[in-house]
Amino acid sequence: NELIAQTGLGRAYGQLGDVERSRACFVAVAEGSHALGDPYSEGHALNNLGALEFEIGDPAVAMEAYRRAYDLHLASGNPEGSITPAKNIATALTDLGRLDDAAAVLEEALGTCERNNYLALRAMILEQRGIVRRQQGRHAEAAALFRRSLQPPQACTPTQQARSLIELAKTLAVQDSTDLGLAVLDTR
């Protein structure tokens, strides 16, 4: 499929640092998907576009693309597809210092994950909530969220487990428990 190839090309250009060509590919995929009546692919293209904009340092523009992807997935009856854009919206809001707004987006996404039993996505959202709570100075809550993100362990990919453990260790270290933070990393 041409749109799949265009997505791959957009990612390749992004890896090469050719922002303009990468952006053009993702816009073309979004427009092509829209023309085909494929909201799922359009949402993914918008999320990719948001990731590119975030990576080049424009979280506000990125958030607009993420929000469009999020809304599109929900409107088309794809709540699972809305979770990654929701996490990305929260990441952009966090970068902009809007921690309460980020927490609210993550709370809504967590509810979707729990209602639909999206365990792997739930782990990702819990981890991001922990990051927001740590930045808000709510260290005990952050540590609890990182621990929850690891349950049940079989729902997490090894990469997700590693990220959550690293974030837990950082949080414990911030709480002046460096030894405990190191112990968390040493036991896995």
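Hydrogens, waters and symmetry mates play no part in the numbers below; they use all other heavy atoms, side chains included.
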Q: State, to 0.1 Å, how close A109 and A86 come at their nearest heavy-atom pair, and which atoms those are.
A: CB-CB, 3.9 Å

(Q) One pair to check against side-chain contact (heavy atoms from CB on, under 4.5 Å): K87 and L121. What are the steps and the verdict? (A) CA-CA 9 Å; K87 185 257 187 199; L121 293 170; over 6 Å; no

Q: State, yes or no, whether a side-chain contact exists between D101 and I89 at a heavy-atom distance under 4.5 Å.
A: no

Q: Check whether any side-chain N or O of Y66 sits under 3.5 Å from a backbone N or O of A51 as a donor-acceptor pair, and report yes or no.
A: yes

Q: Can you establish whether the number of heavy atoms outside H139 located under 6.0 Å from its atom NE2 is more than 12?
A: yes

Q | Sub-4.5 Å side-chain heavy-atom contact between T94 and L99 | A | yes

Q. So do the side chains of V105 and R67 get within less than 4.5 Å of each other, counting heavy atoms only?
A. yes

(Q) For a 4.5 angstrom cut-off between non-hydrogen side-chain atoms, does R148 reach L145? (A) yes

Q. If you measure from CG on L165 to CG on L150, what distance do you get to the nearest 0.5 Å?
A. 5.0 Å

Q) Does M63 reach the side chain of L96, with side-chain heavy atoms less than 4.5 Å apart? A) yes

Q) Going by an N to O cut-off under 4.0 Å, is there a salt bridge joining R23 and E20? A) yes

Q: Measure across S149 and C156 and return the closest heavy-atom pair with its distance rounded to 0.1 Å.
A: O-SG, 3.0 Å

Q: May I ask whether I83 and L106 are part of the same hydrophobic cluster, defined by side-chain heavy atoms of I, L, V, M, F, W, Y residues being less than 4.5 angstrom apart, directly or through others?
A: yes

Q | Spacing of I131 atom CD1 and F146 atom CZ [to the nearest 0.5 Å] | A | 5.0 Å

Q.
Distance check, rounded to the nearest 0.5 Å: S41 atom OG versus Q6 atom CD?
A. 13.0 Å

**Q.** R68 side chain reached by L72 side chain, heavy atoms, under 4.5 Å
**A.** no

Q) Taking the side chain as C-beta and beyond, is there a heavy-atom pair between N116 and E80 under 4.5 Å? A) no

Q: Compare all side-chain heavy atoms of F54 with those of N88 and state whether any distance is below 4.5 angstrom.
A: no

(Q) Would you compute the distance between atom CD of E127 and atom CD1 of I125 and round it to the nearest 0.5 angstrom? (A) 9.5 Å

Q: Check the hydrophobic clustering (I, L, V, M, F, W, Y; side-chain heavy atoms under 4.5 Å; chains of links allowed) and say if L46 and L52 are grouped together.
A: no

Q. What's the shortest heavy-atom distance between S82 and P85, and which atoms?
A. O-CD, 3.4 Å

(Q) Can you confirm whether the side chains of T112 and E108 place a donor and an acceptor under 3.5 Å from each other? (A) no

Q. So how far is it from E53 CD to F26 CZ, rounded to the nearest 0.5 Å?
A. 10.5 Å

Q. Can Y70 be reached from V61 by stepping across I, L, V, M, F, W or Y side chains whose heavy atoms are under 4.5 Å apart?
A. no

Q. Is there a donor-acceptor pair closer than 3.5 Å between any side-chain N or O of S22 and the backbone N or O of G10?
A. yes

Q: Scan for side chain to side chain donor-acceptor pair (under 3.5 Å) pairs involving residues 129-138, sequence neighbours excluded, and state none if there are none.
A: D100-Q136, E107-R129, R133-Q136, R133-E141, R134-E167, R134-T171, R138-E141

Q: Could you tell me the separation between the CG atom of L119 and the CD atom of Q151, rounded to the nearest 0.5 Å?
A: 11.0 Å

